[in-house]
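Throughout, a chain's letter reflects where its sequence line sits, starting with A, and its residues are numbered from 1.
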2 protein chains.
Amino acid sequence: MNKTSKIPVPTIERLALYSRPLENLLDNGVLVISSVKLADLCGVNPAQVRKDLAYFGEFGTRGVGYDVQDLLKEIKRILATDREWALCIVGIGNLGNALVENENFRKRGYKFLAAFDSDPRKVNRVLYCGLTIKPASKITQLVRELHIEIGVIATPPFEAQKVTNLLIDSGVKAILNFAPVQVRAPEGCLVENVDFTVRLENLAYHIREPL
Amino acid sequence: MNKTSKIPVPTIERLALYSRPLENLLDNGVLVISSVKLADLCGVNPAQVRKDLAYFGEFGTRGVGYDVQDLLKEIKRILATDREWALCIVGIGNLGNALVENENFRKRGYKFLAAFDSDPRKVNRVLYCGLTIKPASKITQLVRELHIEIGVIATPPFEAQKVTNLLIDSGVKAILNFAPVQVRAPEGCLVENVDFTVRLENLAYHIREPL
DNA sequence: GTTCAATTGTGAATTTTTGCACATAGTAGG
DNA sequence: CCTACTATGTGCAAAAATTCACAATTGAAC
Ligand SMILES: NC(=O)c1ccc[n+]([C@@H]2O[C@H](COP(=O)([O-])OP(=O)(O)OC[C@H]3O[C@@H](n4cnc5c(N)ncnc54)[C@H](O)[C@@H]3O)[C@@H](O)[C@H]2O)c1
Ligand SMILES: NC(=O)c1ccc[n+]([C@@H]2O[C@H](COP(=O)([O-])OP(=O)(O)OC[C@H]3O[C@@H](n4cnc5c(N)ncnc54)[C@H](O)[C@@H]3O)[C@@H](O)[C@H]2O)c1
């Protein structure tokens, strides 16, 4: 196949999913893995794994499977996690703090280069990760200077749209929003809204007594 | 239609999505909303909104729209957020702490009744929300006693599967896992794995320079 | 070197989800 | 009561995503 023509959106999500167990396998010295085993580790159908990968090339060897290291490298190349991304975070409350201090992001190439808060009591505080909290008024200037491409929002919901607009004006290309509102962005800026309670409500629906 | 026969999974997710702006509208005294406006607020197609709702009944008035209060009540009934759910959380690190202290959960009926950590330095600490951190060794006992139905995992990844097994043995019906591994559960226990870096990788893929 | 078992890559069938388009029904104004 | 307008509910078609099923290819054993 090998054509970037029409890649299903879910395929991209699954590629990210595949990379987690692949990293573990690599660490544990496993050299080769079959689509059946990988699918099993990720809870998907083996044909799905093969098809997802086939959109981007022929990475496997028939009769053998996929070379773990090669496959991981390919997936990282596809997802552009073989480079570093410049991030900023707005809103250093409980959640914002947990996000900035978390090492998973850095390990995958997502680097927080700036942290903003509007609370004067928080401004100038130095975070454990070494960043100094900057006032929200500096967002535009710093995002431009540091060439920040992705903005993360962890402010209360009623501030989220304002912050979004500010970030977009400052030139970010994408936004990951943790406030429980659907923020809107013009064409050309991508937004992912993450809402934990949606996940919970999904669970609740499925385990509740039937209507 | 009105048959619970075959509800698309995405429909359930969108119902949760619809409820957010509906709550705002209710607070702002808006009495009625059309599928077009609601769809716009949620970034989906209006026919989708109508179809999603139609799976569960006829909640609207032709020529008028949907009564905001009624619709919200119906959605909450469908998603079983018109009742309270008993939750526990395992792993009170940065993220666990943010989750347990967050009020959104409580507001939607998700109540943390117990918080566990294996670190002896954390055990017995009293959280801002009033809970006392209990040792992980008490999980089974307390989950049973408090009739906890949903377990939230915020431990490091290599502990997540162990904790999952423990929670399932203790009788929880569903698990929300924030550790970046795909934890597995037998039939009968539902698992949602939330991985922020997957969201980021999705964004990165779409804004990167094409391959 | 021939056979056998394993596993990929993929066309085609199937299933799921979305969106159009319109008949249907309610409201308001005269 | 009739007309004009609005917005729902839904049959049906289109699109998207998943899964099946098998030919093609590889490695290994004998
Ligand atoms: N804590 C969680 O587990 C959790 C879970 C899901 C969603 N969320 C959402 O994430 C957001 C943050 O949650 P939290 O628990 O950290 O809340 P929080 O109240 O602890 O933190 C919010 C922070 O944002 C800052 N802020 C407010 N307006 C700002 C602005 N305009 N610019 C910059 N900073 C601003 C505040 O000063 C504060 O430090 C909320 O919208 C919350 O609903 C949190
Ligand atoms: N912090 C974030 O923003 C973030 C984002 C995404 C994912 N995560 C994931 O969430 C998890 C928690 O993140 P964190 O930043 O809070 O980490 P953390 O290290 O601050 O906290 C982990 C906590 O779990 C406890 N713990 C370890 N093993 C346990 C066990 N068997 N039983 C009970 N408690 C146990 C530890 O004592 C610690 O308090 C990690 O898997 C992390 O990768 C965190």
Side-chain angles (χ1 to χ4, degrees), chain A residues 1-18 21-22 25 30-72 74-75 78 202 205-206, chain B residues 1-18 21-22 25 30-72 74-75 78 202 205-206:
Chain A
M1 207 172 262
N2 203 359
K3 289 201 288 178
T4 323
S5 48
K6 295 252 282 182
I7 315 287
V9 180
T11 289
I12 302 304
E13 310 235 327
R14 282 190 299 264
L15 287 183
L17 209 63
Y18 302 156
L22 284 175
L25 292 168
V30 178
L31 297 178
V32 167
I33 189 158
S34 71
S35 60
V36 174
K37 291 226 187 78
L38 183 55
D40 193 47
L41 286 170
C42 300
V44 303
N45 181 297
Q48 186 89 80
V49 171
R50 297 199 295 274
K51 183 147 280 192
D52 284 341
L53 297 174
Y55 283 115
F56 300 95
E58 307 202 354
F59 305 135
T61 309
R62 295 176 187 212
V64 180
Y66 299 89
D67 180 286
V68 172
Q69 186 163 24
D70 284 357
L71 185 55
L72 190 55
E74 289 293 351
I75 291 181
I78 294 163
N202 199 30
Y205 172 82
H206 290 286
Chain B
M1 205 170 263
N2 203 2
K3 289 200 290 176
T4 323
S5 48
K6 294 251 284 180
I7 315 289
V9 180
T11 289
I12 302 303
E13 309 236 325
R14 281 190 299 265
L15 287 183
L17 209 63
Y18 301 156
L22 284 174
L25 292 166
V30 178
L31 298 178
V32 167
I33 188 156
S34 70
S35 59
V36 174
K37 292 226 187 75
L38 182 56
D40 194 46
L41 286 170
C42 300
V44 303
N45 181 296
Q48 185 90 79
V49 171
R50 298 199 294 275
K51 182 149 283 192
D52 284 340
L53 297 174
Y55 282 114
F56 299 96
E58 306 204 354
F59 305 135
T61 310
R62 295 177 187 212
V64 180
Y66 299 89
D67 181 287
V68 172
Q69 189 163 22
D70 286 356
L71 184 57
L72 190 56
E74 290 291 352
I75 292 181
I78 296 163
N202 199 29
Y205 172 81
H206 290 286

On a heavy-atom basis, the closest approach of B:P21 and B:C42 is CG-SG, 3.6 Å
Correct closest heavy-atom pair for A:D52 and A:Y18 would be OD2-OH, 2.6 Å
Can you tell me how far [atom2] of [Y] sits from [atom1] of [X], rounded to the nearest 0.5 angstrom?
{"X": "A:N45", "Y": "A:D40", "atom1": "CG", "atom2": "CG", "result": "11.0 Å"}
{"X": "A:R14", "Y": "A:K51", "atom1": "CZ", "atom2": "NZ", "result": "11.0 Å"}
{"X": "B:L38", "Y": "B:Y66", "atom1": "CG", "atom2": "OH", "result": "8.5 Å"}
{"X": "A:T11", "Y": "A:F56", "atom1": "OG1", "atom2": "CZ", "result": "7.0 Å"}
{"X": "A:F59", "Y": "A:L53", "atom1": "CZ", "atom2": "CG", "result": "6.5 Å"}
{"X": "A:E13", "Y": "A:L15", "atom1": "CD", "atom2": "CG", "result": "10.0 Å"}

Bend of the helix from C:dG1-D:dC30 to C:dG30-D:dC1 from end-axis comparison, five pairs per end, nearest 10°, comes to 10°
Between [X] ([atom1]) and [N] ([atom2]), how many Å, whole number?
{"X": "A:Y66", "N": "C:dG9", "atom1": "OH", "atom2": "C1'", "value": "7 Å"}
{"X": "B:Y55", "N": "C:dT16", "atom1": "OH", "atom2": "P", "value": "11 Å"}
{"X": "A:I33", "N": "C:dA6", "atom1": "CD1", "atom2": "P", "value": "17 Å"}
{"X": "B:E58", "N": "D:dT10", "atom1": "CD", "atom2": "C1'", "value": "10 Å"}
{"X": "A:L53", "N": "D:dT19", "atom1": "CG", "atom2": "P", "value": "15 Å"}
{"X": "A:E74", "N": "C:dG9", "atom1": "CD", "atom2": "P", "value": "11 Å"}
{"X": "A:R50", "N": "C:dA6", "atom1": "CZ", "atom2": "C1'", "value": "12 Å"}
{"X": "A:E13", "N": "D:dA17", "atom1": "CD", "atom2": "C1'", "value": "13 Å"}

(message) Within the 4.0 Å heavy-atom criterion, would you say A:S35 contacts the bases, only the backbone, or no part of the nucleic acid?
(response) sugar-phosphate
**Asked** If you look at every strand shown and take non-hydrogen atoms under 4.0 Å, does B:V36 touch a base, only sugar-phosphate, or nothing?
**Response** nothing
| query | OP1, OP2 of D:dT8 versus side-chain N and O of B:T61: anything below 4.0 Å? | reply | no
* To do: Give a yes/no answer on whether the side chain of A:R14 brings an N or O atom under 4.0 Å of OP1 or OP2 in D:dT18.
  => yes
key: CA sep, side-chain torsions, deciding dist, call: B:L41, B:K37, side chain to side chain contact (heavy atoms under 4.5 Å, CB included)   = CA-CA 6 Å; B:L41 286 170; B:K37 292 226 187 75; 5.5 Å; no
Comparing A:P8 with A:V64, nearest DNA chain D nucleotide closer to 5' gives the residue A:P8
Is there a donor N/O on one and an acceptor N/O on the other, under 3.5 Å, for the side chain of A:K51 and the base of D:dT19? yes
- Go through the N and O atoms of the side chain of B:R62 and the base of C:dT24, and report whether any donor-acceptor pair is under 3.5 Å. yes
The correct set of residues in residues 38-49 of chain A placing a heavy atom under 4.0 Å from DNA chain D is A:N45, A:A47, A:Q48
Which of C:dT17, C:dT10, C:dT16 is nearest the side chain of B:K6? It is C:dT16
Of the listed D:dG9, C:dT17, C:dT8, the closest approach to the A:S34 side chain comes from C:dT8
Self-check item: Test log, rule side chain to side chain contact (heavy atoms under 4.5 Å, CB included), inputs B:V68 and B:L31
Solution: CA-CA 5 Å; B:V68 172; B:L31 298 178; 5.8 Å; no
